[in-house]
Amino acid sequence: MNFLELAETFARMEKTTSRLELTDHLVSILKKTPIDIIDKIVYLIQGKLGPDYESSELGIADKLIIKSLSLVSGRPITEIQNRYSDIGDLGEVAHNILTNKIQTTLIHQLLTIENVFDTLLKIANISGTGSLDVKLRYIVSLLNNSSNLEAKFIVKLILGNLRLGIANFSLLDAMALTFTGDKKNRRILERAYNVYSDLGKIALILSKGSIEDIQSISISLFIPIRPMLAERVSNPSEALEKIDGDALAEFKIDGERIQIHKKEKKIELFTRSLENVTSNFPDILTAFNKIETKDLIVEGEVVAINPANNKYLPFQALMRRRRKYDIQEITAAYPVILNLFDLLYYNGIDKTHIPLLQRRKLLVKIFGTQKITDKIKLIDQIKVSRIEEIENYTEKALKNGCEGVMIKNPSSQYRAGAREWAWMKLKKEYSGEVTDSVDLVVVGALHGKGRRVGKYGALLLASYDAEKDVFCTICKVGTGFTDNVLLDITDKLNKHIIKHKHPRVELGNTKMDTWFEPKIVLEIISPEITLSPVYTTAINRMKPGYGLALRFPKFTGKIREDKSAEDATTVKEIFAIYKGQLK
DNA sequence: CGTACCTGCGCC
DNA sequence: ATTCCGC
DNA sequence: GCGGAATGCGCAGGTACG
Ligand SMILES: Nc1ncnc2c1ncn2[C@@H]1O[C@H](COP(=O)(O)O)[C@@H](O)[C@H]1O
């Protein structure tokens with residue numbers, strides 16, 4: 001199958017935002033696709049080369065695409081960058097600058113889907129000295145052998161950013177329609193996908209077999225299950241309303257979610273996005289080896305602890321564990337514990353369909369009675385039925401270094417991949433009372449991409465250092481803007497553009513597209529302040545070489561027209577908030 | 001051999 | 001992670 | 001409400017480069 005056919009369909013899809021129409025286009029692609037490459041085309045549309053838990057990465061993103069486009073077109077990098085800033089999509093840039101290629105290149109053999117897929121596979125699998133050059137050469141050869149239309153979508157596929165408004169669920173709809181003629185079967189496909197997240201394989205099975213084959217896909221050990229997710233509630237009563245009778249409450253721990261698969265001595269660990277992280281946690285493996293079971297799949301949150309007092313450490317500490325080398329040393333330096341909160345599979349049986357309360361009972365049976373190491377514990381869980389009980393438990397969670405609680409429906413099944421009201425996250429922050437907002441000055445910006453073209457995508461913010469009369473960077477913010485407000489802010493900022501960073505701005509290690517005079521002040525909220533190796537607010541005050549940054553910053557929607565830059569929240573105030581949070 | 005840049009992936 | 005938008 | 005696509009911070013690893 002020629003890649004051009006795919007590209008032409010994509011081009012048609014760009015003209016609509018209707019999901020029904022988009023799905024129909026996908027159906028037309030899938031119908032045309034020979035069965036033996038159905039998996040490849042599905043992976044390509046997903047912007048991947050295989051499922052998350054086994055495929056390798058391309059190692060190609062914006063910068064390297066810019067370089068390849070420069071090589072192919074013979075134009076300077078800066079020109080490509082400028083066009084990128086203007087158009088906001090590198091595929092579009094390729095389309096524009098490679099326009100005259102069709103005429104200049106003599107009749108070339110049309111690229112096939114296999115050509116593209118296999119080349120990308122090669123790019124993903126090469127490494128070592130000189131590999132970047134080789135990767136670039138592969139991309140260049142793909143682009144040289146394609147029309148500008150094909151080039152556009154090759155670039156988008158490499159970047160995993162089709163921006164057509166289709167993703168996994170549209171693919172599921174399309175697969176249901178293509179192979180069974182009935183979109184209702186999408187639910188069946190979705191169920192299978194949630195326990196076997198390999199859409200390419202699912203497409204293969206379905207196209208060669210029938211919907212019954214998909215129905216018979218079940219949870220298997222060592223194939224990660226898409227994790228159940230939580231909806232957000234802003235207060236305890238909202239949570240209680242969603243549940244008949246008593247609810248269950250647990251701390252919401254700031255760590256990393258791990259799904260553990262075990263069968264006899266074999267153990268594997270998966271992250272929330274289904275990456276295999278078994279090698280990162282030898283200590284967890286050792287602990288699990290002591291658990292006497294035939295098999296199981298359980299889930300929990302790992303978190304770094306201070307071994308002296310067993311207190312939870314900040315997320316940053318845990319991140320030190322994500323490494324490939326010197327695992328022994330880092331394991332000793334950053335001990336963790338695993339807080340188990342669910343059980344999905346036990347003794348050869350899928351347990352996701354029994355109520356949470358019963359799953360918990362099983363967890364207690366397995367982990368509560370055995371002498372396990374201090375590495376693994378069952379997460380504390382209480383029954384709650386009144387608002388005050390939840391409030392108290394939230395307070396307790398905060399005292400323990402958590403940012404809120406999870407409220408769970410005791411009679412709920414484990415619904416893989418679903419974000420539903422069976423699990424609810426409640427953070428103090430959502431109530432809007434506790435977290436102070438801060439007012440920060442915009443000192444720089446990045447150009448927006450995709451739907452944000454022509455506006456700024458992210459704004460560099462700074463606090464005010466009253467002693468030195470300078471502005472210290474603290475974070476970028478890119479969320480919380482409605483399209484209109486962002487347009488408005490972009491206009492306002494454009495009146496203050498300057499050539500270089502303003503002399504009164506203390507810049508750390510941050511690259512921006514545009515600089516402004518410090519004038520516009522925005523109201524920002526953020527649940528937490530972290531130590532930062534790149535921002536300059538309160539630099540060296542806590543730790544040499546480190547300043548402070550906001551985690552999860554968001555714009556509240558309020559432009560503080562009433563404030564001048566010097567009225568922004570000061571470094572001193574930020575530092576005080578940080579200090580307060582350490583307690 | 002150290003640093004800079006880029007990429008991928010964790011995230012209450 | 002959070003947020004916004006079109007369907 | 002769903003699905004999709006914008007955007008945040010920090011860390012480690014890989015490669016290029018001086
Ligand atoms: N007790 C808990 N139960 C379930 N998830 C938890 C718990 N504590 C922390 N988490 C994490 O919170 C995440 C859901 O929050 P969010 O990603 O904000 O929707 C889960 O994926 C877990 O990693």
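So that the names make sense, note that chain A is the first sequence line, chain B the second, and so on, each numbered from 1.
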Quick one: label [X] by what it contacts on the DNA or RNA (base, sugar-phosphate, nothing), any heavy atom closer than 4.0 Å.
X: A/F555; answer: nothing
X: A/L550; answer: sugar-phosphate
X: A/G401; answer: nothing
X: A/G480; answer: sugar-phosphate

Quick one: [X] [atom1] to [N] [atom2], roughly how many Å, whole number?
X: A/L229; N: C/dT2; atom1: CG; atom2: C1'; answer: 14 Å
X: A/K554; N: C/dT2; atom1: NZ; atom2: P; answer: 6 Å
X: A/R163; N: D/dG4; atom1: CZ; atom2: P; answer: 16 Å
X: A/D24; N: C/dC7; atom1: CG; atom2: P; answer: 15 Å
X: A/L172; N: D/dG4; atom1: CG; atom2: C1'; answer: 14 Å
X: A/R452; N: C/dC5; atom1: CZ; atom2: P; answer: 9 Å
X: A/K135; N: B/dC6; atom1: NZ; atom2: P; answer: 15 Å
X: A/K15; N: C/dG6; atom1: NZ; atom2: C1'; answer: 20 Å

Handout entry: Residues forming a side-chain hydrogen bond (donor to acceptor under 3.5 Å, both in side chains) with A/Q316, sequence neighbours excluded
Key = none
Problem - side-chain hydrogen bond (donor to acceptor under 3.5 Å, both in side chains) against A/S279, all qualifying residues, sequence neighbours excluded - result: none
Exercise for the section: Compute both the distance and the angle, then confirm whether A/K449 meets the cation-pi test with A/Y84: under 6.0 Å from the six-membered ring centre, within 45 degrees of the axis. Expected result: yes
Handout entry: Distance-only side-chain donor-acceptor flag, A/S273 / A/D52, under 3.5 Å
Key = no
Handout entry: Donor + acceptor pair across side chains of A/T537, A/S463 (<3.5 Å)
Key = yes
Any carboxylate oxygen within less than 4.0 angstrom of a Lys/Arg side-chain nitrogen, looking at [X] and [Y]?
X: A/D89; Y: A/K152; answer: no
X: A/R321; Y: A/D283; answer: yes
X: A/D254; Y: A/R551; answer: yes
X: A/D439; Y: A/K558; answer: no

Practice task
Select from A/G255 and A/K511 the residue whose nearest nucleotide in DNA chain B is closer to the 5' end of that strand.
Solution key: A/K511
Practice task
Please tell me which of A/S18 and A/F481 maps to the more 5' nucleotide of DNA chain C, matching each residue to the nucleotide holding its nearest heavy atom.
Solution key: A/F481
Problem - Pairwise C1' distance, C/dT2 and B/dG10 [rounded to whole Å] - result: 16 Å
Problem - Expected output: side-chain A/T278 to main-chain A/L269 donor-acceptor under 3.5 Å - result: yes
Exercise for the section: Give a yes or no on whether the backbone of A/T78 and the side-chain of A/N82 come within a donor-acceptor separation of less than 3.5 Å. Expected result: yes
Handout entry: Side-chain donor/acceptor contact of A/T479 with base of C/dT2 under 3.5 Å
Key = yes
Problem - Which residues share a side-chain contact (heavy atoms from CB on, under 4.5 Å) with A/S127, sequence neighbours left out - result: none
Between [X] and [N], is there a contact of a side-chain N or O with OP1 or OP2 at under 4.0 Å?
X: A/K425; N: C/dT2; value: yes
X: A/N484; N: C/dC4; value: no
X: A/R551; N: C/dT2; value: no
X: A/T271; N: B/dG10; value: yes

Completion exercise
With B for base contact, S for sugar-phosphate-only contact and - for none (protein heavy atoms under 4.0 Å), nucleotides 10-18 of chain D reads BSSSSSS--
Atom pairs under 3.5 Å: protein N/O with N/O of nucleotides 1-3 of chain D:
| unit_1 | atom_1 | unit_2 | atom_2 | d |
| --- | --- | --- | --- | --- |
| D/dG3 | OP1 | A/R186 | NH2 | 2.4 |

Problem - Stretch residues 55-66 of chain A: residues that reach within less than 4.0 Å of DNA chain B through a heavy atom - result: A/E57, A/G59, A/I60, A/A61, A/D62, A/K63, A/L64
Problem - Over 12 non-hydrogen atoms of neighbours within 6.0 angstrom of CD in A/E329 - result: yes
Practice task
Measure from the side chain of A/L446, starting at C-beta and using heavy atoms only, and say which of B/dC5, C/dT2, D/dG8 lies closest.
Solution key: D/dG8
